[in-house]
> 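Pasting in a structure now, in structure tokens, and then I'll have a few things to ask.
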Amino acid sequence: MLTPEDIRRLCRLARVEITAGEIADVSAKLSSIVALVDQLQAVDTKGVTPMAHPLDRAQRLREDRVTETDRHELYQRNAPLVERDLYLVPKVIE
Amino acid sequence: MHSRTLTELAADLAARRVSATELAKHFLARIERFAGGLNAFVTVTAEQALAQAAAADKRRAQGRATPLTGIPIVHKDIFCTAGVKTSCGSRMLDDFVAPYDATVVERLASAGTVMLGKTNMDEFAMGSSSETSCYGPVRNPWNRALVPGGSSGGSAAAVSARLATAGTGTDTGGSIRQPAALSGVTGLKPTYGRVSRYGMIAFASSLDHGGVLTQTAADAALLLETIAGFDERDSTSLDEPVPSYSKAVEEPWEKIKIGVPESFFDEGLDADVAAAVRAALAELEKLGAKLKSVKLDYIHLSVPAYYVVAPAEASSNLARYDGVRFGHRASDATRGDLLSFYMRTRGEGFGEEVKRRILTGTYVLSAGYFDAYYLQAQKIRKLIADDFARAFREVDLVAGPTAPSPAFAIGAKTDDPIQMYLNDIYTIGADLAGIPAISLPCGFVRGLPVGLQLMAPALAEAPLLKASHHFQRVTDWHRRVPSEYA
Amino acid sequence: MEWEIVIGLEIHAQLATASKIFSGAATRYGAAPNTQASLVDLGYPGVLPVLNAEAVRMAVKFGLATRCEIARRSVFARKNYFYPDLPKGYQISQYELPIVHSGRVVIELPDGTTKTVGITRAHLEEDAGKSLHEDFAGMSGIDLNRAGTGLLEIVSQPDLRSAAEAGIYMRKIHSLVRYLEICDGNMQEGSFRADANVSVRRKGEKKLGIRTELKNLNSFRFVEKAIEVEAARQIELAEGGGAIVQETRLYDPDRDETRAMRSKEEANDYRYFPDPDLLPVEIDDAAIESIRATLPELPDEKRERFAKQYGLSAYDAGVLTAQRAPADYYEAVAGATRASPKVAANWVIGELTAALNRDGLEIGASRVSPTALAALLDRIADGSISGKIAKEVFEALWSGEGTVAEIIDKRGLTQISDAASIDALVEQVIAANPTQAEQFRAGKQQVLGFLVGQVMKASKGKANPQQVNEALRRKLGP
């Protein structure tokens with residue numbers, strides 16, 4: 001089902017690290033979950049509209065007005081690393 | 001004091017038989033005494049509680065009190081509470097202090113409730129046992145070696161042990177109703193969009209419902225009418241008037257038709273639980289309800305459909321936890337490159353179950369799989385919703401067991417995710433369809449609580465609560481408290 | 001071997017809304033870092049997007065102006081990827097069901113022909129923040145002020161066949177979004193950016209070649225140069241038997257070359273799915289009609305009208321209507337002056353534009369108002385000043401010396417046009433230049449110019465040149 005290579009690829013795509021020791025277990029568990037959800041394949045759903053939402057309504061629109069004020073001091077209290085009001089991360093190379 | 005229902009305490013407060021401060025002190029003392037053994041709390045907000053209680057008493061003296069003013073409650077640690085740690089049971093948010101209040105929190109605070117603390121939960125609401133919290137498992141007050149159910153296990157345990165009069169919770173696959181059933185309390189999941197999701201940290205956006213855990217349906221009604229209603233900050237919030245649920249429950253009983261899906265009563269259901277639920281249904285019949293068998297043809301697919309949609313949405317909702325603007329950041333992460341920064345931060349911050357669901361969600365959404373999984377699951381979802389709609393053309397409510405078994409041992413199912421997922425086999429359908437559902441204590445099996453689940457059509461909380469209230473007038477399961485906490 | 005270059009442009013136009021597309025934070029450019037990033041823009045736990053009505057209106061306006069199909073129902077989708085300037089780890093965009101699609105614009109090519117360029121779709125999405133790379137000890141600083149600003153992504157069909165065509169198309173869209181007032185088009189501030197998809201194929205080949213994507217070209221010149229250089233690279237590679245790799249490349253203006261982007265070693269799997277925090281956008285016919293009623297006269301219509309109504313050449317009409325402000329200015333002048341529309345056009349395109357360019361001003365900041373210019377043109381039309389003097393008056397107006405009348409009076413610039421004064425001047429000059437007078441009488445026509453010049457000099461340029469000319473001929477004539 002899901003190979004360790006699949007798991008590694010998913011981990012990279014999801015930016016979630018798991019240890020080499022965990023890969024086998026995750027691979028087995030994920031495979032069982034995929035087997036569970038594969039039950040869906042057997043069902044004929046031709047002509048059925050997918051239900052993205054329990055609500056069959058349209059998006060509400062809000063008026064184009066500025067309602068937010070500058071509260072960066074409060075918001076940045078939770079930030080791991082801020083300098084000169086900027087959030088610092090490892091260098092972004094293009 | 002602690003055994004009084006919310007409705008009774010509201011009357012006590014109104015009649016000045018008790019003050020908010022006395023209540024707060026009483027419950028805080030109980031929390032100090034009992035909470036450790038249950039691990040129901042992430043944060044106890046004693047100072048704020050006493051301040052809120054004092055304010056509540058003042059407000060009552062000024063004649064500005066509401067029925068909820070002074071009522072001591074707890075909030076599941078998934079609701080943002082301004083200035084108070086909000087963790088979602090995760091290492092990722094262990095040091096996160098919310099800068100704003102969730103709408104649910106705001107509305108209850110405006111009504112004058114007193115927040116005793118934030119309750120423990122499965123990490124990011126992913127679980128059916130409240131074992132995946134980074135703060136350790138929550139214990140069932142009926143037997144501390146057992147789980148209280150999840151993911152709102154902390155709120156369920158707190159109400160069950162009478163450490164609070166009521167608690168808020170969230171229900172995505174059954175996370176209010178299932179712990180309510182396993183812990184012997186009442187748990188209400190309203191219609192999707194009835195309660196604002198603003199400030200309710202997202203797990204699976206199209207499945208998340210904010211709701212309450214209480215002693216009684218009448219209590220739930222009082223809370224619901226305060227938290228329900230349109231919120232312009234939530235695009236999925238329903239713009240529909242909020243009826244007076246607390247008045248609705250008091251209305252006289254009407255003869256209703258109750259549909260029972262016989263497919264629920266199969267080998268997967270514990271025989272004693274089945275018997276208890278059937279006995280509860282018989283009580284409803286005695287009241288004058290007509291029982292009728294209904295078929296929900298696709299309901300057996302609710303678990304697989306859920307385990308495509310929920311992880312998919314979760315994998316995207318949890319992408320924001322990257323250690324940049326808040327939350328956990330791997331300690332020497334900044335010394336590496338961006339990729340390892342993200343990988344290590346998220347690898348460390350999330351627990352196993354959360355990682356599994358993120359990976360599952362990433363998988364089902366990935367190139368080439370979208371049609372086969374996500375799109376297919378959305379179609380199955382439509383079929384399930386249609387099943388309910390069809391059933392509700394013949395019956396007023398659909399009833400059955402809430403959970404397939406009573407509480408199980410801590411650690412018993414943690415190695416087998418599928419086994420764990422099957423705990424939600426009866427509850428998931430209502431989340432997929434977005435219809436309101438409630439779990440009511442309806443008996444005991446081998447000394448452990450059992451829940452009766454009632455489901456109603458969208459926006460039919462009033463008849464749902466009314467039927468529940470009448471059931472609770474002729475039964476007393478909801479008044480039982482584990483002797484240790486009596 | 002004849003090669004054909006195939007280009008499609010994806011233009012990101014930042015919407016000129018007051019607030020962001022999904023939050024109530026301000027969108028003003030240049031604010032201090034992270035002072036315009038609300039909880040929604042920061043992707044904080046628990047917050048949710050709510051759609052800005054004006055963004056929807058602007059997208060529909062664009063769709064109507066480009067004859068697109070307006071989707072009665074469109075859906076927002078999440079584009080999932082990790083980047084520090086993308087707070088939620090996904091961008092809210094539109095995927096399968098964009099708000100408008102299947103339209104076109106007509107561009108004017110240098111040889112005078114026109115070409116229709118298809119617009120595949122235009123959809124709404126949110127912008128990301130910015131990374132700043134300087135002096136943070138090996139780290140980047142993230143500013144999220146821009147995160148959540150509304151964008152209209154405009155995707156063309158791969159109908160463009162040269163860098164020049166791409167430049168013309170891009171300018172056309174630039175002009176259009178400014179006309180519609182949905183985008184300020186300020187490329188320095190990043191309000192208008194383009195990505196180009198470039199491929200090559202042998203002439204006559206129906207199949208499209210492998211394409212590369214050139215990202216974030218934020219000037220017309222860079223777009224054209226980048227495409228040229230990339231097309232050349234691809235052709236050289238292909239002719240040498242090499243394979244073109246589908247990749248994203250950046251244009252380096254200093255080296256005038258493109259290079260592959262390092263961070264995109266693998267194609268990103270964006271895992272698009274409909275955003276469950278937002279409901280489908282529904283637009284009915286009534287809404288579309290009310291938006292249509294707010295459309296201004298579009299550039300092409302205006303250009304055609306100018307040519308017809310004012311008798312202007314296609315070229316002049318085109319220059320005046322390239323942007324809305326000059327067109328409005330011109331019409332104000334033409335409507336207020338007795339001078340011909342052609343004269344008005346010459347002055348707006350000529351003197352006025354030269355003065356604006358010299359001082360680096362937009363026409364909105366012109367130091368000469370349409371009314372003042374019209375008054376000036378009136379004085380030429382009634383003969384009270386010559387065209388040449390008028391230029392002097394214009395400069396004086398520009399410097400704020402006063403009104404047209406005041407300047408002419410104060411400087412005594414009124415044209416001399418009474419016969420007596422002209423005659424007197426002419427007689428003076430004839431007397432002072434007997435040789436040339438004799439030459440003219442002898443039949444040397446050219447020398448008249450010299451004599452006219454002398455009269456103009458004597459009159460300090462104020463003599464009416466036609467009258468001078470005529471008077472000279474009369475007095476010297478046979």
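Atom set for the values below is all heavy atoms of this structure, side chains included, hydrogens, waters and symmetry mates excluded. Below, read A as the first sequence line, B as the second, and so on, with proteins coming before strands; counting in each chain starts at 1. No experiment lies behind these values; they were computed from the predicted model shown.
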> Would you say CZ of C:Arg72 has more than 12 non-hydrogen atoms from neighbouring residues, nucleotides or ligands within 6.0 angstrom?
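Yes - once you tally the heavy atoms of other residues, nucleotides and ligands closer than 6.0 Å, there are more than 12.
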> Does either side chain, that of A:Asp64 or that of C:Asn52, offer a donor lying less than 3.5 Å from an acceptor on the other one?
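Their side chains do contain a donor-acceptor pair, which is all the 3.5 Å distance test asks for.
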> Could you report the tightest heavy-atom contact between A:Gln59 and C:Leu279, atom names first, then the distance?
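Residues A:Gln59 and C:Leu279, closest heavy atoms: OE1-N, 2.9 Å.
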> Can you measure from CG (C:Asp269) to CZ (A:Arg12) and round to the nearest 0.5 angstrom?
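Here the interatomic distance stands at 13.0 Å.
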> If you count heavy-atom pairs under 4.5 Å with chain A, which of C:Pro274, C:Ala53, C:Ala25 comes out on top?
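Among C:Pro274, C:Ala53, C:Ala25, the one with the most close pairs to chain A is C:Ala53.
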> At a heavy-atom separation under 4.5 Å, does C:Leu39 approach chain A through its side chain, its backbone, both, or neither?
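Both parts, heavy atoms under 4.5 Å.
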> Considering all heavy atoms of both residues, which atom of A:Val66 and which atom of C:Ala18 are nearest to each other, and what is their separation?
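Result for this residue pair: CG2-O, 3.5 Å.
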> Could you tell me if the side chain of C:Leu42 sits less than 4.5 Å from the side chain of A:Tyr87, heavy atoms only?
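The answer is yes; the side chains approach within 4.5 Å.
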> Return the minimal non-hydrogen interatomic distance between A:Tyr75 and C:Tyr44, and the atom names on each side.
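Scanning both residues, the minimum pair turns out to be O-OH, 2.7 Å.
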> C:Gln36 versus A:Asp70: any side-chain heavy-atom pair under 4.5 Å?
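Contact flag for C:Gln36/A:Asp70 side chains = no.
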> Using a cut-off of 6.0 Å, state whether more than 12 heavy atoms not belonging to C:Glu96 lie near its atom CD.
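No, the 6.0 Å shell around CD holds no more than 12 heavy atoms from other groups.
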> Heavy-atom distances under 4.5 Å only: say whether C:Pro84 touches chain A with side chain, backbone, both or neither.
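The side chain, not the backbone.
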> Where on C:Val50 is there a heavy atom nearer than 4.5 Å to chain A: the side chain, the backbone, both, or neither?
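The answer is both parts of C:Val50.
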> Give the member of C:Thr17, C:Val281, C:Thr27 that has the highest number of heavy-atom pairs under 4.5 Å with chain A.
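Looking at each of C:Thr17, C:Val281, C:Thr27 in turn, C:Thr17 comes out on top.
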> Relative to chain C, which of A:Thr67, A:Leu86, A:Asp56 shows the most heavy atom pairs under 4.5 Å?
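Ranked by contacts with chain C, first place is A:Leu86.
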> Check this for me: C:Tyr95, atom OH, are more than 12 non-hydrogen atoms of other residues, nucleotides or ligands nearer than 6.0 Å?
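No.
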> Counting only non-hydrogen atoms closer than 4.5 Å, does C:Arg73 touch chain A with its backbone (N, CA, C, O), its side chain (CB onward), both, or neither?
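Answer is neither: C:Arg73 stays 4.5 Å or more from chain A.
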> Stepwise, does the side chain to side chain contact (heavy atoms under 4.5 Å, CB included) test hold for C:Tyr81 with A:Leu13?
CA-CA 8 Å; C:Tyr81 65 97; A:Leu13 201 50; over 6 Å; no
> Most heavy-atom pairs under 4.5 angstrom with chain A, which of C:Ala31, C:Gly89, C:Ala26?
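Heavy-atom pair counts peak at C:Ala26.
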> Quick one, A:Gln76 and C:Asn34 - any side-chain contact, counting heavy atoms below 4.5 Å?
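SC-SC contact between A:Gln76 and C:Asn34 confirmed.
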> With the side chain counted from C-beta on, respond yes when C:His133 and A:Lys91 share a heavy-atom pair under 4.5 Å apart, and no when they do not.
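Side-chain contact under 4.5 Å: yes.
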> Minimum heavy-atom separation for C:Ser19 to A:Arg62, with atom names?
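Closest pair (atom of C:Ser19, atom of A:Arg62, distance): OG-NH2, 2.6 Å.
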> Of all of C:Gly129, C:Pro33, C:Ala55, which one pairs up most often with chain A through heavy atoms under 4.5 Å apart?
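So the answer, after comparing C:Gly129, C:Pro33, C:Ala55, is C:Pro33.
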> Would you tell me whether C:Thr35 and A:Arg71 have side-chain atoms, one donor and one acceptor, within less than 3.5 Å of each other?
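Judged by distance alone, the side chains do not pair up.
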> Less than 4.5 Å apart, side chain to side chain, heavy atoms only: is that true for A:Glu68 and C:Val40?
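They are not in side-chain contact.
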> Let me know if C:Ser23 has heavy atoms under 4.5 Å from chain A in its side chain, its backbone, both or neither.
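The backbone, not the side chain.
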> Using non-hydrogen atoms only, which part of C:Leu278 is less than 4.5 Å away from chain A: side chain, backbone, both, or neither?
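Interface part for C:Leu278: both.
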